[in-house]
Amino acid sequence: MELLHSGKVRDVYADGGDLVLVASDRVSVYDVVLPTPIPDKGRILTALSLWWFERLADIVPNHVISATDVPAEFAGRAIRCRRLAMVPVECIARGYLAGSGLDSYRACGSVSGVTLPPGLADGSRLPAPVFTPTTKAPAGQHDEPVSFADVSAALGADAAADLRRLTLEVYQRGHDIALPRGIIIADTKVEFGRAPDGTLVLADEVLTSDSSRFWPAEAWQPGRPQHAFDKQIVRDWSQTVDWDRTAPGPAIPPDVVEATRQRYIEAYERLTQAAWPAA
Ligand SMILES: Nc1ncnc2c1ncn2[C@@H]1O[C@H](COP(=O)(O)OP(=O)(O)O)[C@@H](O)[C@H]1O
Ligand SMILES: [Mg+2]
C-alpha cells in the first residue's frame, strides 16, 4: 500500500482504488501530538466510527467497504473505504457553545455567519444546532470559518443545502443517541465526498471524540469550560508540567496513560452499551 498522508493521529494509505484509513494510538493536546501513545485508542475510535456509520446509514450512505479486509498489522484499527472526490469543506454542526465557536460568538455574536441569541455562556446549549462550516486548510494552516453563502458560492446552492441538512441530521442523531447514555456531543466535524455518480457519501471518521467534543453529561455546567470526556486527564496533567504547548510535548507518565485509556474505554462502553473489547 502507498502511504498518501500521515495526519496527526491517522495515516491514510491507497490500496488499488480503495483507501485504508489507519487510526494510531497517538494523542494530541493543544494540537501537539505527545510522544507517548494511549494503548487501544486507535482500535476504540475505529470501532466507534464503525458503530456510528451503521446508525447513520438511513440518513446518508458511507464510504466503508470493510473493517476486516485490511493488512494484519493494522487489524482492528483500520477501515477499507471507497476513495471519493472529497468536498473541500469541513462540515461542522454545533449544538453547544465551545472552542472556536465560543470565541467567535464573543467577538461578533455569530459563528460562520450564523447569528446566535445574546446571553449564551461557555458550554450553553444552543436553541437549535447550527451548521458552521470551515475551509479545509492544508496541513499546518488553520481552518477558517466560512458562511453558508460562501459554501453556496463555491459549490452551488443545492450542494450547500445538502451538506447543511446532512451534517445537522448526523449531529442530531448522534446527540440524541449519546445524551441518555451519559455523553453530550457538543459539536462534531464530518466530511463528505462524492461517488462517481455524484452522490454525497459520508467519509472520514464520524462522531468520535477526535472529531467531536464529548462531555460527561453529569458534569455539564454552562458558565465554565467543560471537561473533555477522554482527554481531560492528559490536559490536566499537562498543566502541571513545565511545557509551553509547542512541539515536542512531554512524555505522559504511565498512570496518566492508563487513566486516559480507561476513559476511552468508558466512552465506548457508555455509547455502545457493550463491553470493550469489541467482539
Ligand atoms: N473516502 C475518502 N476518500 C478520500 N479521502 C478521504 C476519505 N475519507 C477521508 N479522507 C481524507 O483522508 C484524510 C484523513 O486525514 P487525517 O488523518 O484527518 O489528517 P489531517 O490531520 O490532515 O486531517 C483527510 O484529508 C480526509 O479528507
Ligand atoms: Mg482530518
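All ligand and atom numbering here is 1-based and tracks the order in the structure. What you see is a predicted model, and the numbers here were worked out from it, not measured in a lab. Basis for what follows: all heavy atoms, side chains included, without hydrogens, waters or symmetry-related copies.
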Checklist entry - Do W215 and Q232 have side-chain heavy atoms sitting under 4.5 Å apart? => result no
Checklist entry - Name the residues with a heavy atom less than 4.0 Å from ligand 1? => result H5, G7, K8, R10, V12, L19, H63, R82, R83, L84, M86, K136, E191, A203, D204
Next on the checklist: I'd like to check V170 versus V206 (side-chain heavy atoms, cut-off strictly below 4.5 Å). Are they in contact?
Outcome noted: yes
Item to check | Reported OG-to-CG distance for the pair S66 and D18, which is rounded to 0.5 angstrom | outcome: 9.5 Å
Next on the checklist: For Y96 and H175, take the angle between the two ring planes, folded into 0 to 90°, and tell me which bin it lands in: parallel under 30, tilted 30 to 60, perpendicular over 60.
Outcome noted: tilted
Checklist entry - Taking the six-membered ring where the residue is Trp, are the ring centres of H63 and F53 under 6.0 Å apart? => result yes
Side-chain donor-acceptor contacts of residues 271-279 below 3.5 Å, not counting sequence neighbours, with atom names and distances?
residue, atom, partner, partner atom, Å
T272, OG1, Y268, O, 2.8
T272, OG1, A274, N, 3.2
Q273, NE2, R270, O, 2.8

